[in-house]
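To keep things clear, I will list the structure first and then write my remarks on it.
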Amino acid sequence: MAGMKALSLDQILDHPTVKAVVEDASFELRQRRAFVPPVCPVFSNPYTVLEETDRYRFSIDPEARRRLPGIIANTVQTVKGPAELGPGAVESYARRRNIGIVFSGGPAPGGHNVIAGLFDAAKGVNPENRLFGFLVGPDGVVENECIEITRELVDRYRNLGGFTMIKTGRAKIDSRQKVELSKATCRRLNLDALVIVGGDDSNTNAAFLAQEMLADGIQVIGVPKTIDGDIQVCDDEGQVLCAVSFGFHTAARAFANAVAGLANDASSDIKYYHVCKVMGRVASHLALEVALQAHPNMTVIGEDLVDFVDEERLEKAGRENRIDYTAFGMTLRHLSRLICEGIVQRAAAGKNYGIIVIPEGVLEFINEVEVFIMKLNTIIAEYNRTHDRDFHSAFPSLQGKLEYLHRLAQRSRDDSAFRLWNTRDEDLFNDLPEFFQEGLLTERDSHGNFQFSQIHTERVLMGLVQDYLNILKEKGLYKIGIDAAYFRKALAAAGLDPERFGPALFQNYGKERFLLAKAAIISSKTLRQELERAGLIGAEEKLPEVIDKIYKKTVPSFKVQEHFYGYDGRGHDPTKFDCTYTYNLGLTAFSLIANGATGQMAAIRNLEREFAAWEPIGIPIAPLMHLEERKGKLALVIEKALVDVNSVAMQVFKAHAGRWLAAGEGEDCYRRPGPIRFTGEGEEDRPLTLQLNAIAAPAE
Ligand code: FBP
């Protein structure tokens with residue numbers, strides 16, 4: 001440190017560089033805070049009205065008609081900006097209101113802007129309007145835990161990720177008692193309306209509350225949130241009303257950027273397969289978007305596995321005059337084989353590394369596992385219904401849970417009518433690795449959903465991949481291809497004739513650029529035998545060093561690094577798309593409230609198109625509901641939108657899967673989507689899936 005100036009701590013702390021470093025607001029953060037999302041043209045009017053339209057049709061579930069009579073006849077409403085409103089209408093629009101807002105479920109980037117949009121619209125119309133934020137999710141409504149949202153608070157969180165301002169929770173207002181307590185909260189706060197920002201389950205909850213609160217004149221409006229992207233609403237004719245929930249774009253971009261970083265590392269260090277599990281509880285929308293954004297070598301799309309038919313098995317059975325029913329639908333083992341195929345092909349082209357993307361919810365599409373999940377859901381739900389303690393506190397250890405299952409299997413022996421868990425189920429279940437058994441028996445969430453994020457799906461799958469690769473290796477079918485130019489150069493340098501050794505060592509010498517060792521060569525011993533047979537070395541002669549070295553390079557070692565991309569992307573600061581989308585959702589929610597709507601979900605139509613075409617609307621929630629198995633019982637819920645395997649985005653993905661596998665001589669096709677940022681040009685401004693699917697959208 002000789003020659004350095006001696007500075008006092010005060011002088012150091014006073015230095016402008018130090019001040020910039022310790023300042024909590026980074027440059028990017030300041031840019032974010034300064035960003036003012038553009039608003040749909042209709043919101044530049046001082047007032048808005050709702051135009052009902054019957055252009056969209058929904059097939060209504062009779063159960064929804066029975067249980068939601070007050071809101072089932074709702075139609076799609078378009079937010080319009082009239083030149084002027086009559087005096088009575090202005091008064092009613094601008095009358096003083098108290099509005100509550102609550103986040104429900106996992107965080108999704110953009111939530112704070114929903115609050116900001118709602119707040120700005122409410123205060124803009126009447127500064128006396130008040131906004132209350134319920135704390136830590138729906139429990140805040142039940143327990144009347146809330147804060148008044150002020151401008152200072154809103155400004156602190158504009159354009160920022162997370163749900164930090166009022167937090168979130170997964171509780172559900174699902175019992176008479178909770179509904180009554182929620183009503184009491186709303187009455188106590190003199191609320192005119194409650195906005196529920198959540199996923200399919202929370203919007204389902206919003207519809208039931210809307211029905212319940214009709215008599216009190218309290219409006220309930222939903223807002224489509226979830227990074228999973230599985231709230232997508234179309235009418236019966238496929239006209240898109242809500243192309244994607246908010247948060248999806250940001251999470252997908254964050255995941256894709258991380259995957260692109262791994263691709264850089266993998267193709268530099270050339271020794272790892274990076275297996276990236278990406279969130280998405282059931283649907284594979286996020287995995288598909290990551291594939292389009294980053295072009296990993298392999299991406300599994302859960303929905304694509306459902307209709308899988310193993311033609312080879314079928315043919316084999318056909319030759320034996322029987323039908324093999326196990327050939328229909330994907331098994332874990334078969335999926336692992338498909339992944340192995342890709343790995344083996346890449347290895348043959350000299351690539352012993354790569355990127356594999358697996359959707360978190362893939363198990364939902366694997367028959368054998370799905371059966372377990374459904375059976376265990378029912379067993380746990382039944383137990384909770386009929387006992388004083390819940391299943392997980394009654395059996396905290398895996399051993400205890402397995403013993404309970406064993407008792408059920410025994411019961412199936414004595415009672416043929418009891419089919420829920422039989423000895424075959426038990427045998428199959430006992431074959432699974434312990435951590436997987438534990439995962440399948442984890443606690444369900446409050447909506448009765450299986451928590452895929454808690455399961456190491458990638459570990460289960462990669463375990464099977466590793467086993468099968470070992471088998472292929474022993475059979476001599478999994479080898480690393482050696483570049484012919486390298487082989488010739490190395491042999492020439494060692495004074496050996498590559499033209500003599502090449503045909504003895506490789507199955508495709510002189511035919512292809514990457515040379516594959518003969519299948520029979522699977523050890524130093526078999527290598528010797530091959531060379532002796534070709535008369536290239538004598539029985540007592542030492543194996544030439546260079547040959548041994550090249551042989552070792554043909555032997556693959558499969559090394560995996562596992563990654564989980566979920567919470568990081570879910571908590572990311574939103575893209576400009578999500579900032580703008582959510583701010584306009586907040587404005588839309590206020591328009592719906594000020595115009596008296598209830599049981600509607602705020603949405604923006606035409607998200608897949610340029611901003612000028614965005615159209616704020618209200619979607620009736622009740623007609624979207626259908627019956628589905630939950631916690632072992634049929635429940636009325638909004639249907640999750642899965643990846644449409646025939647969509648344009650899927651067709652593009654499938655058409656490029658071979659190219660992105662890059663199991664040939666060329667380079668990998670990794671794409672660098674880049675980080676999410678607010679400065680500079682060039683950020684893709686909406687999800688690629690949406691842009692692609694819009695190609696086939698019916699003309700307006
Ligand atoms: P939401 O549907 O509530 O938005 O949550 C989605 C999600 O992020 C899934 O992708 C993931 O499976 C799950 O939440 C994780 O849940 P938890 O936060 O309870 O671990």
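In listed order, ligands and their atoms are each counted from 1. Note that the structure is predicted; figures quoted are calculated from it, not measured. No hydrogens, no waters, no symmetry mates; every other heavy atom, side chains included, goes into these values.
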Legend entry - Cation-pi check, K277 onto F564 ring (under 6.0 Å, within 45° of axis): yes

Inset, instruction - Output yes when a side-chain donor or acceptor of N113 lies under 3.5 Å from a complementary backbone atom of N159, and no otherwise. - result: yes

Legend entry - Sub-4.5 Å side-chain heavy-atom contact between M625 and D61: no

Can you pull every nitrogen or oxygen pair between ligand 1 and the protein closer than 3.5 angstrom?
unit_1   : atom_1 : unit_2 : atom_2 : d
ligand 1 : 2 (O)  : T226   : OG1    : 3.1
ligand 1 : 3 (O)  : G106   : N      : 2.8
ligand 1 : 3 (O)  : R170   : NH1    : 2.9
ligand 1 : 3 (O)  : R170   : NH2    : 3.4
ligand 1 : 3 (O)  : K225   : NZ     : 3.3
ligand 1 : 4 (O)  : K225   : NZ     : 3.0
ligand 1 : 4 (O)  : T226   : OG1    : 3.0
ligand 1 : 5 (O)  : R170   : NH2    : 3.1
ligand 1 : 8 (O)  : R570   : NH1    : 3.0
ligand 1 : 10 (O) : D228   : OD1    : 2.6
ligand 1 : 10 (O) : D228   : OD2    : 3.4
ligand 1 : 10 (O) : G280   : N      : 3.3
ligand 1 : 12 (O) : E360   : OE1    : 2.7
ligand 1 : 12 (O) : E360   : OE2    : 3.3
ligand 1 : 14 (O) : R170   : NH2    : 2.8
ligand 1 : 14 (O) : R570   : NH1    : 3.1
ligand 1 : 16 (O) : R170   : NH2    : 3.1
ligand 1 : 18 (O) : R570   : NH1    : 2.9
ligand 1 : 18 (O) : R570   : NH2    : 3.1
ligand 1 : 19 (O) : R170   : NE     : 2.9
ligand 1 : 20 (O) : Y567   : OH     : 2.5

Legend entry - P296 side chain near H274 side chain, heavy-atom distance below 4.5 Å: no

Legend entry - salt bridge (Lys or Arg N to Asp or Glu O under 4.0 Å) partners of R32, counting only residues at least two apart: D573

Legend entry - N297 (side chain) donor-acceptor with W660 (main chain) under 3.5 angstrom: yes

